[in-house]
Q: 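Sharing a structure with you now.
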Protein chains: 2
Amino acid sequence: MRRSDGDARRAQLLEAALHALSERGIVDLRIRDIADAAGVATGTVHYHFKDLDDLLVAVHEEAVDRFVGARQEMVAALPDARDKALALIDTGVPEDASDILVNALYDLNTLVRRRAVHRTMSRALTDQQVTLYAAVIEVGIAQGHFSPAAASADVAANAVALEDAFGIYITSFGGRFTAARARTLMRVHLAEALRCPGLASDLKEDIA
Amino acid sequence: MRRSDGDARRAQLLEAALHALSERGIVDLRIRDIADAAGVATGTVHYHFKDLDDLLVAVHEEAVDRFVGARQEMVAALPDARDKALALIDTGVPEDASDILVNALYDLNTLVRRRAVHRTMSRALTDQQVTLYAAVIEVGIAQGHFSPAAASADVAANAVALEDAFGIYITSFGGRFTAARARTLMRVHLAEALRCPGLASDLKEDIA
DNA sequence: AGTGATTTTGACTCTGGCGTCAACATCACA
DNA sequence: TGTGATGTTGACGCCAGAGTCAAAATCACT
């Protein structure tokens, strides 16, 4: 059995698919594009995935895993809830329109309204993000830094919604809506919702 | 000249296209679907529009016009800024996943990242919505009902972002995220951001 | 080196949808 | 009622791209 070979190739194809998807867009995406991006023949793609639908489900899974994985590690590493919150803001918003993961994720969102599998994954992503925010808020309350008027779950839901929308704006309006503005808006909002003025200040590392 | 005939048919085709788009999704949308929805032959669609791209641009225009048009009238008709704000919340969030206009709009968003024309229209839509909210906030300040800590433009931008994200959730997660929850979250947020507790109460008509 | 299992290749077939077009229908106006 | 302009039809040609497959390549193990 040469299982590892197959797995490695599969991972390579998913990576290539993320790039191809981000580049061509889901409407124009061809098997050919993925093969090209991976530097293999089209037959190879068909060998590893039943059809395009099958592949897109795998790509969606991969994208969701990558997106939440990075953030969870980041947040866990920081002790102060204010730092955690700022880290969430930084990692939740794409730097610019070239963010492959975010582009792919939003293109895949088109399928969410048609295919139950994709709906499940998209919902999972949103839920995980809300849970992550809610947990940080709870920690912040315990640490005495946050004292929100609304329920933690509500504040968290709003924060994630803002992230999602800003992600779309940044990847869609290329340059006319910047990551910097998105982060400012989010900090201003969270500072108010959590009653923690420090979040609005520009000091990222080590809040005074 | 039978200009009116042509225009009427064109409008009918745009209407049909909105339905077809919402039903099939942009990935699977065929000229055939639009023709069927309009009850005409495929040749008729080709006669009125150069190609699918051309048609989708027209559909996008139509969708944007409809979306903002309804809201502007609604807001202008109400004198009290708090009522205006509540009306904005109500009309900015789709009732459920069956909202054709919103479904079409989000599907068209996929093209925003590829085609400049669509980018322009999508940006225009967002800008108009932000302007609308900002104007209402200004009126509210003048009336003495709102006293936001942040700039009007920022509060407006956040409100529109929330609307957009919630619209996606409602149309995507069908039933698991309701319009009622979206409106509650928006009211809670605006009540705090505008320092106007009345917005959070359930009284829609005639705030006490 | 031989053997069989696994993986890769790219030429091929086939489906399905776009856009064309010639014929037909409908209308305005004389 | 005739005439030309405008609008409609659906069969057809064409081709892009999905998926198939037989042959070749690569690997693990002996």
Side-chain angles (χ1 to χ4, degrees), chain A residues 1-60 62 104 107-108 110-111 114-115 117-118, chain B residues 1-60 62 104 107-108 110-111 114-115 117-118:
Chain A
M1 274 231 270
R2 295 182 301 157
R3 199 74 251 246
S4 66
D5 277 7
D7 280 0
R9 179 48 51 93
R10 201 183 144 91
Q12 180 199 1
L13 287 174
L14 290 180
E15 172 71 28
L18 280 173
H19 277 85
L21 185 54
S22 165
E23 192 131 330
R24 301 267 310 177
I26 198 161
V27 177
D28 297 323
L29 185 69
R30 298 165 303 183
I31 299 267
R32 178 80 197 279
D33 300 318
I34 297 162
D36 285 353
V40 299
T42 59
T44 303
V45 178
H46 284 107
Y47 178 78
H48 288 275
F49 298 94
K50 190 164 83 11
D51 55 22
L52 197 62
D53 281 357
D54 184 35
L55 189 148
L56 286 178
V57 170
V59 170
H60 203 161
E62 172 75 13
D107 262 45
L108 287 167
T110 304
L111 301 178
R114 327 277 159 200
R115 296 222 179 292
V117 213
H118 291 282
Chain B
M1 273 229 273
R2 295 182 302 159
R3 199 75 250 251
S4 66
D5 278 7
D7 279 0
R9 181 48 53 91
R10 201 183 144 92
Q12 179 199 0
L13 288 174
L14 290 180
E15 172 71 28
L18 280 173
H19 277 85
L21 185 54
S22 164
E23 192 131 329
R24 301 264 314 174
I26 199 162
V27 177
D28 297 323
L29 184 69
R30 297 164 304 182
I31 299 266
R32 179 80 199 280
D33 300 318
I34 298 162
D36 285 353
V40 299
T42 60
T44 302
V45 179
H46 284 109
Y47 179 78
H48 289 275
F49 298 94
K50 190 165 78 27
D51 55 22
L52 196 62
D53 281 357
D54 184 35
L55 188 149
L56 287 179
V57 171
V59 170
H60 203 161
E62 172 76 12
D107 262 46
L108 287 167
T110 304
L111 301 179
R114 326 277 158 202
R115 297 222 179 290
V117 214
H118 290 284

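Chain A is the first sequence line, chain B the second, and so forth, proteins listed ahead of strands; every chain is numbered from 1. None of the values given here were measured: they were computed from a predicted structure. The analysis underlying the following values was restricted to heavy atoms, covering all of them including side chains, and did not include hydrogens, waters or symmetry mates.
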Q: Rounded to the nearest Å, what distance is computed from the CG atom of residue L55(B) to the P atom of nucleotide dG19(C)?
A: 11 Å
Q: Closest to the R30(A) side chain: dG17(D), dT8(C), dC18(C)?
A: dG17(D)
Q: Atom CZ of F49(B) and atom C1' of dT8(D): how far apart are they, to the nearest Å?
A: 15 Å
Q: Quick check on R24(B): does its CZ atom have over 12 non-hydrogen neighbours (other residues, nucleotides or ligands) under 6.0 Å away?
A: yes
Q: For each nucleotide in nucleotides 19-24 of chain D, reading 5' to 3', give B when a protein heavy atom comes within less than 4.0 Å of its base, S when such contact involves only the sugar-phosphate, and - otherwise.
A: BB----
Q: Round to a whole Å and report the spacing from CZ of R10(B) to C1' of dT6(D).
A: 16 Å
Q: When the distance from CG of D54(B) to C1' of dC18(C) is rounded to whole Å, what number comes out?
A: 14 Å
Q: Within the 4.5 Å heavy-atom criterion, are H60(B) and V117(B) side-chain neighbours or not?
A: no
Q: With respect to the phosphate group of dT8(D), does any side-chain polar atom (N or O) of R9(B) fall under 4.0 Å of OP1 or OP2?
A: yes
Q: Starting at CG of D28(B) and ending at P of dG16(C), how long is that distance when rounded to a whole Å?
A: 13 Å
Q: Is the CZ atom of R30(A) crowded by more than 12 outside heavy atoms at less than 6.0 Å?
A: yes
Q: Could you tell me if the side chain of V57(B) sits less than 4.5 Å from the side chain of F49(B), heavy atoms only?
A: no
Q: Rounded off to whole Å, could you give me the CZ-to-C1' distance for the R24(A) and dG17(D) pair?
A: 11 Å
Q: Kindly write out the residues that satisfy salt bridge (Lys or Arg N to Asp or Glu O under 4.0 Å) with E23(B), not counting sequence neighbours, or none if the list is empty.
A: none
Q: Atom CG of D7(A) and atom P of dT6(C): how far apart are they, to the nearest Å?
A: 14 Å
Q: Could you check whether R114(B) pairs with D107(A) (Lys NZ or Arg NE/NH1/NH2 to Asp/Glu carboxylate O, under 4.0 Å)?
A: yes
Q: Identify the two heavy atoms, one from I34(A) and one from L13(A), that lie closest to each other, and give their separation to 0.1 Å.
A: CG2-O, 4.0 Å
Q: Whole Å only: how far is the CG atom of L13(B) from the C1' atom of dG7(D)?
A: 12 Å
Q: Using only side-chain N and O atoms of Y47(B), determine if any of them is under 4.0 Å from OP1 or OP2 of dT8(D).
A: no
Q: Which listed nucleotide (dT8(C), dG17(D), dT9(D)) is nearest to the side chain of T44(B)?
A: dT9(D)
